[in-house]
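One structure, pasted below without further comment.
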Amino acid sequence: MQWLIKTDDRTEKMNLTQPSTSSTKWQGQEDLGQKSRAWELEQVSIPELPGIGMVTLKANFDAGTAPNSWVHLQGLELPAEATGWLANGINCWTDSPILGKADHLKRETNPLQMTFGDQEILPYPETSGIFHSWSFSYGDTGSSDLGVPFLAAIDEDQSFTVFKIDLNTQQVTISIDTAGLKWDEGLQTVGIWLIPLPQSKKWPSLATATNYWMQAIRKHERFPRQIDNVSKSRFKPQVLGYTSWYNRFTEISQETLENDLDAISNHADWKVFQVDDGYQIRVGDWLTPATSFPNGVKNLVPKIKANGLTPGIWIAPFVALEHSDFFKTNPHLLLKDEQGNLVLCGDFEHWGGKFYALDTEHPEFKAHLKETLRVYFKEWGFEFLKADFLYAAARVPAGGLTRAQRGVRAHQMLWDICREFGATLLSCGAVLSNAYGRCEFSRIGPDISLSWEDPALTHHHSREKPSTRAAIVNTITRAALDGVMFFNDPDVVILREENTGLTQAEKEMLVRVNRAFGSLLFCSDDLSLWKEPSKQLRQHLEEDHPVQQGIEKVSAAIMANGSSSLKDGFQITDPKGTITVQFEGRQFNFVEHQTNR
């Protein structure tokens with residue numbers, strides 16, 4: 001194997017040489033006039049994981065020679081047996097299919113969605129068979145005898161990793177986002193990764209690999225999570241609950257929520273009642289109630305608890321709307337990029353305009369966030385927090401910190417506050433790797449749409465747009481993270497007949513996939529309006545399922561970009577421990593330790 005180093009600040013590549021064929025190290029030095037840069041790579045096999053190796057890249061830079069953007073490690077060969085690889089998205093919302101030689105990722109075409117993903121960070125080649133995957137990837141071997149080839153970044157507290165996959169050459173480039181990094185003096189670690197060893201003929205199951213991966217992350221973490229195990233939660237999956245968003249959206253009031261609460265009270269298995277966006281006057285002004293809550297949202301809490309439910313509330317803590325009082329009165333708490341510009345995070349008509357990132361490193365912001373959440377948890381009595389639009393913390397490198405460092409520190413701060421007050425955290429809209437081991441629950445796909453694809457967005461391509469199809473894709477392709485990195489939230493199910501364009505077959509597909517592979521099962525329906533078709537779907541939602549105790553029995557899920565309609569229906573059966581999912585003309589067999597297409 002020939003390893004090479006390429007940095008964005010230099011056109012030349014640096015060859016790393018192996019002192020001997022038996023050595024586990026490769027080394028190289030770049031002469032830059034009177035100064036130099038030295039690189040050292042070590043590759044070792046992992047006895048517990050046949051076919052998986054660990055690679056560590058270190059560097060030593062003379063003053064003024066450290067790279068200021070991306071570092072690329074080239075030379076890794078992909079196993080020829082794997083004909084498709086996961087294109088894991090940056091955001092928990094990002095569409096994450098498995099792609100083959102005939103596929104490529106399409107660029108964002110909706111300017112309003114541009115800030116949610118990686119379109120401003122990475123190029124999107126239009127060549128078939130070339131695409132990228134953030135943080136981790138795994139391959140489709142098409143055979144139960146070959147197992148699952150696996151790629152994963154271990155050290156993302158400092159820098160994000162992108163695996164740039166080329167199936168035409170069977171090569172992958174490991175790219176490390178070091179923009180904004182303050183390099184240490186002396187020999188320092190640039191990154192650590194798990195890689196497949198091409199000479200091996202068998203890999204472990206994806207379940208085995210992801211569990212080892214999380215153990216390695218904890219061993220090498222730079223910003224302590226201060227936990228023993230993410231699964232130590234007062235909630236035991238699977239958790240059924242209500243959220244107000246996917247039916248009423250921002251049109252909520254004390255009266256409408258009490259109506260939905262009354263309808264749920266007869267369903268003993270439901271555990272959470274979460275108030276979503278719309279209770280506050282504006283995004284950023286969290287403690288000022290909307291006119292539809294003249295007495296504030298806190299008056300709902302006693303009734304929620306009286307019905308045996310955990311009260312939950314939504315917040316977008318790292319952003320503020322440009323028309324909010326907080327934005328206008330706290331200009332010093334607005335995040336600025338290295339050019340001194342405010343960091344735009346989006347533009348929503350239903351919010352009333354543009355919203356911007358806040359400086360999560362500023363001491364005043366930290367105090368403000370803690371006080372806001374203290375009011376939520378101690379004065380108002382909420383015990384479950386859905387924190388949304390968390391990608392804002394990692395939008396840009398700033399203040400001597402990389403995107404990864406800013407995102408990790410902000411996410412850990414949020415979870416520390418929640419744990420201090422005894423609240424449960426659902427992470428949403430975060431850079432996915434920022435959430436690893438730093439919340440109880442995390443969204444793993446986009447918002448569902450009220451139809452198979454959102455009619456208003458069908459003329460645009462967007463990896464982060466609301467999409468029921470894409471949500472199902474991610475529920476399957478990210479299934480192995482469940483119970484390892486966090487508990488998976490696949491987003492809501494829809495059982496109702498009103499205010500939806502989903503067919504009965506599409507609703508049943510959504511319910512049964514989420515029930516099989518998700519840990520947080522929320523619904524926004526007014527249960528008092530359920531008719532017989534909805535009640536039939538309810539049986540699938542609340543029934544016991546052979547895999548409900550965890551996804552460790554599923555090692556991989558193979559899903560490519562599909563059409564915008566359900567072609568062949570679906571089935572989920574349990575013959576001898578196998579779950580069969582037939583979706584968009586493909587059949588997926590989930591069996592213990594292995595998945596085959």
Can we say R403 and D177 salt-bridge, meaning some charged N sits less than 4.0 Å from an Asp/Glu carboxylate O?
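Result for this pair is yes, salt bridge flagged.
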Between the side chains of D166 and K101, is the shortest nitrogen-to-carboxylate-oxygen separation below 4.0 Å, so that they form an ion pair?
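Salt bridge between K101 and D166, a charged N being under 4.0 Å from a carboxylate O: no.
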Any donor-acceptor pair under 3.5 Å from S23 side chain to P19 backbone
no
Looking at P149 and W85, what are the two nearest heavy atoms and their distance?
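Heavy atoms only, the tightest pair is CB-CH2, 3.6 Å.
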Distance-only, no hydrogens or angles: does the T402 side chain make a donor-acceptor pair with backbone N or O of A179 under 3.5 Å?
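Answer holds: no.
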Using modelled atom types and a 3.5 Å cut-off, is there a donor and acceptor pairing between side-chain atoms of D482 and backbone atoms of N488?
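Answer holds: yes.
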When you compare the side chains of T17 and W26, does any donor N or O come within less than 3.5 Å of an acceptor on the partner?
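No donor-acceptor contact under 3.5 Å links the two side chains.
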For H72 and T7, does a side-chain donor sit closer than 3.5 Å to a side-chain acceptor?
no
Please report the closest heavy-atom contact between S96 and R478, naming both atoms and the distance.
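The pair with the smallest heavy-atom distance is OG-NH2, 3.1 Å.
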Between E108 and R463, is the closest basic N to carboxylate O distance under 4.0 Å?
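Salt bridge: no.
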So, T127 side chain and I130 main chain: donor-acceptor pair closer than 3.5 Å or not?
no
Hey, are D95 and R469 close enough for a salt bridge, meaning a charged N less than 4.0 Å from a carboxylate O?
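Result for this pair is yes, salt bridge flagged.
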Using the rule given for side chain to side chain contact (heavy atoms under 4.5 Å, CB included), can you reason through Q74 versus I5, listing the C-alpha separation, both sets of side-chain angles and the distance that settles it, and then say yes or no?
CA-CA 6 Å; Q74 300 175 344; I5 296 288; over 6 Å; no
N88 and H132: side chain donor to acceptor below 3.5 Å:
no
Would you say the side-chain atoms of W70 pair up with the backbone N or O of D9, donor to acceptor, closer than 3.5 Å?
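Checked: no pair found.
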Ion pair check, R10 and E30, cut-off under 4.0 Å
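Between E30 and R10 there is a salt bridge, with a charged N closer than 4.0 Å to a carboxylate O.
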Are any side-chain N or O atoms of H362 and backbone N or O atoms of E364, one a donor and one an acceptor, separated by less than 3.5 Å?
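Yes, H362 side chain to E364 backbone: donor-acceptor pair under 3.5 Å.
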For the residue pair S442 and Y436, confirm or rule out a side-chain donor-acceptor distance under 3.5 Å.
no
Ignoring hydrogens and angles, state whether a donor on the side chain of N434 or Y391 is under 3.5 Å from an acceptor on the partner side chain.
no
Indicate whether any N or O donor in one side chain lies under 3.5 Å from an N or O acceptor in the other, for H461 and T109.
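Note: H461 and T109 side chains miss the donor-acceptor criterion.
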N168 and S128: which non-hydrogen atoms are nearest, and at how many Å?
ND2-O, 2.9 Å
Checking E156 against S135: is there a side-chain donor and acceptor pair closer than 3.5 Å?
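Present: a donor and an acceptor within the cut-off.
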I'd like to know if the side chain of D388 and the backbone of I315 have a donor-acceptor N/O pair within less than 3.5 Å.
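Not at all, since once roles are kept as given, no pair shorter than 3.5 Å links the two residues.
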Quick check with a 6.0 Å cut-off and a 45 degree axis cone: is K25 positioned over the face of W39's six-membered ring?
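Verdict for W39: no cation-pi partner in K25.
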R218: which of E221, Q215, H220 passes side-chain hydrogen bond (donor to acceptor under 3.5 Å, both in side chains):
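Of E221, Q215, H220, side-chain hydrogen bond (donor to acceptor under 3.5 Å, both in side chains) with R218 is met by E221 alone.
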Would you mind checking if K370 and E420 are paired as a salt bridge, meaning a charged N to carboxylate O distance below 4.0 Å?
yes
So which atom in R406 and which in D359 form the shortest heavy-atom distance, rounded to 0.1 Å?
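Nearest heavy atoms, R406 then D359: NH2-OD1, 2.8 Å.
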Before accepting this row, confirm whether a basic side-chain N of the pair D347/K354 lies closer than 4.0 Å to the acidic partner's carboxylate O.
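Looking at D347 and K354, the cut-off is not met.
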Indicate yes or no: does R395 engage E120 in a salt bridge with an N to O separation below 4.0 Å.
yes
Distance only, no hydrogens: is a donor on one side chain within 3.5 Å (strictly under) of an acceptor on the other, for S427 and R438?
no
Would you check if there is a donor-acceptor pair between the side chains of T173 and S175 at a distance under 3.5 Å?
no
